[in-house]
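These notes are about the structure you will find just below.
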Amino acid sequence: MILVENELVKDAEPLTTAASACQMEPSSTTWEYDFTGLTFNSISLVGSKQIRHTHPQTVEEVEVQLHVLIKGHCVQVDNLHDPLKELVVELEIKGYDSNAAEHFSAWHLDRQIESDDPNQVDHAIHPIYHFQYGGERVWNKNTPDYGLQLLLETPRFPHPPMDAILAVDFVLSNYYGDIWNELRKDEAYRDIIATAQHIYWRPYSLATASHWGGALAYTTPYVWPPKSIWPNV
């Protein structure tokens, strides 16, 4: 496993367990897996190895944890429909100062839960897949100390869906840039990422582009309605 060979995670067991759970019968129409606590090796902020704009500036070490729950349809590789039924990707970022005090932030990528209630009205925009700061990983901390931060329901940014492979790549590309740039030279790594992008990002991108028609529109328009991806359009 590339993550183990490059000593990027403390324990790959969450991924191997998820891979076992994803094995299915040939007649299956859906698949799923979930894992919690895939912990990447700590990033030292001492000396020149800084993550830009880190605050508090007393933080000396950062640790990233990844949690994924995903349920999908068994589809052909060139599928143009939304490939997933459910998705929750959560990132926990913990920072520690010299006194071992913990500082915390979190992001999550969700697939919007569809309601059967026709009278339900969203009070804020809900792209079907959206990245958002905070969420339960922050609210459940129950800490009285928020410093000068103002925490409230934050904007939901449209973002293509990610499985475990793309979520790991997301973590590496944003928090382990030097290592990620080296991995991108590895053909096996590039192939793994490209296959996942084709399954999840291709239908998302084509559905978005189909809103404007032209050569990028579907033969049968709106196989995946673009307004669910970008409610603003």
Side-chain angles (χ1 to χ4, degrees), residues 1-22 31-44 49 51-52 54 62-73 75 77-79 82-95 105-111 127-133 135 137 156-208 229:
M1 183 181 289
I2 291 175
L3 294 181
V4 175
E5 292 170 359
N6 290 274
E7 299 180 342
L8 290 171
V9 294
K10 294 184 175 180
D11 185 355
E13 188 272 337
L15 286 179
T16 56
T17 300
S20 298
C22 199
W31 56 271
E32 64 183 82
Y33 62 80
D34 68 273
F35 62 82
T36 60
L38 180 65
T39 305
F40 292 78
N41 285 330
S42 300
I43 307 166
S44 173
K49 297 181 179 179
I51 297 178
R52 294 179 61 196
T54 298
V62 169
E63 179 181 277
V64 181
Q65 284 192 338
L66 176 65
H67 319 280
V68 175
L69 182 153
I70 185 170
K71 299 180 181 180
H73 306 281
V75 296
V77 69
D78 288 326
N79 163 68
D82 181 356
L84 299 180
K85 298 172 56 182
E86 186 175 346
L87 178 66
V88 181
V89 175
E90 297 177 298
L91 298 180
E92 287 187 80
I93 302 98
K94 300 177 182 179
S105 66
W107 290 82
H108 63 271
L109 170 65
D110 284 345
R111 187 185 190 280
I128 189 167
Y129 292 101
H130 56 265
F131 241 121
Q132 190 175 27
Y133 178 80
R137 297 280 173 180
R156 295 171 175 85
F157 302 103
H159 193 282
M162 298 191 296
D163 66 348
I165 292 170
L166 293 173
V168 166
D169 186 68
F170 181 89
V171 171
L172 297 180
S173 62
N174 282 281
Y175 295 99
Y176 299 83
D178 291 343
I179 296 172
W180 181 75
N181 283 323
E182 287 301 311
L183 285 174
R184 294 286 292 176
K185 299 175 184 178
D186 184 331
E187 183 177 359
Y189 184 84
R190 293 198 309 271
D191 288 347
I192 291 170
I193 300 303
T195 299
Q197 289 173 341
H198 188 92
I199 294 171
Y200 301 104
W201 290 7
R202 178 176 178 271
Y204 180 96
S205 300
L206 291 176
T208 303
I229 295 174

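Hydrogens, waters and symmetry mates play no part in the numbers below; they use all other heavy atoms, side chains included. Keep in mind that this is a model prediction, so the values were computed, not measured.
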Inset, instruction - To the nearest 0.5 Å, tell me how far Y175 OH sits from L8 CG. - result: 15.5 Å
Inset, instruction - Please name the pair of heavy atoms, one in L15 and one in A164, separated by the smallest distance, quoted to 0.1 Å. - result: CD2-CB, 4.3 Å
Legend entry - F35 side chain reached by L66 side chain, heavy atoms, under 4.5 Å: yes
Inset, instruction - Please step through side-chain contact (heavy atoms from CB on, under 4.5 Å) for the pair I70 and W31, ending with a clear verdict. - result: CA-CA 8 Å; I70 185 170; W31 56 271; 3.5 Å; yes
Inset, instruction - Please name the pair of heavy atoms, one in A12 and one in L38, separated by the smallest distance, quoted to 0.1 Å. - result: CA-CD1, 4.5 Å
Inset, instruction - Take N41 and Y176, measure what side-chain hydrogen bond (donor to acceptor under 3.5 Å, both in side chains) needs, and give me the verdict at the end. - result: CA-CA 10 Å; N41 285 330; Y176 299 83; over 6 Å; no
Inset, instruction - Using a 4.5 Å cut-off on heavy atoms from C-beta on, say whether the side chain of N79 contacts that of H73. - result: no
Inset, instruction - Answer whether the closest heavy-atom distance between the side chains of W201 and L166 falls below 4.5 Å. - result: yes
Inset, instruction - Give the minimum heavy-atom separation between H108 and E90, together with the two atoms involved. - result: CB-CG, 4.0 Å
Legend entry - Straight-line distance of D163 CG to Y200 OH, nearest 0.5 Å: 4.0 Å
Inset, instruction - Find out whether Y133 and S105 are in side-chain contact, i.e. whether some heavy atom of one side chain is under 4.5 Å from a heavy atom of the other. - result: yes
Inset, instruction - Determine whether more than 12 heavy atoms belonging to other residues, nucleotides or ligands lie under 6.0 Å from atom NZ of K10. - result: yes
Legend entry - Test side-chain contact (heavy atoms from CB on, under 4.5 Å) applied to Y33 and T17, step by step: CA-CA 9 Å; Y33 62 80; T17 300; over 6 Å; no
Inset, instruction - Compare all side-chain heavy atoms of I165 with those of D169 and state whether any distance is below 4.5 angstrom. - result: no
Legend entry - Heavy-atom closest pair, residues P127 and R156: CG-O, 3.9 Å
Legend entry - Residues, nucleotides or ligands: over 12 heavy atoms within 6.0 Å of D78 CG: yes
Legend entry - Inter-residue atom distance I192.CD1 - R190.CZ, 0.5 Å rounding: 11.5 Å
Legend entry - Interatomic spacing from CG in L172 to CZ in R184 - rounded to 0.5 Å: 11.0 Å
Inset, instruction - Can you see which heavy atom on Y204 is nearest to which on P161, and at what distance? - result: CD1-CD, 3.6 Å
Legend entry - Test item: S205 side-chain N/O and R202 main-chain N/O as donor-acceptor pair under 3.5 Å: no
Inset, instruction - Could you tell me whether the side chain of V64 reaches within less than 4.5 Å of the side chain of N174, counting heavy atoms only? - result: no
Inset, instruction - Could you check if a side-chain atom of V168 sits within less than 4.5 angstrom of a side-chain atom of F40, using non-hydrogen atoms only? - result: yes
Inset, instruction - Considering non-hydrogen atoms only, spot the tightest contact between M162 and L87 and give its length. - result: O-CD1, 3.3 Å
Inset, instruction - Measure the shortest side-chain to side-chain distance between H130 and F157 over non-hydrogen atoms and say whether it is less than 4.5 angstrom. - result: no
Legend entry - Atom pair CG (L84) and OH (Y129), whose distance is rounded to the nearest 0.5 Å: 4.0 Å
Inset, instruction - To the nearest 0.5 angstrom, please state how far the CG atom of N6 sits from the CH2 atom of W180. - result: 14.5 Å
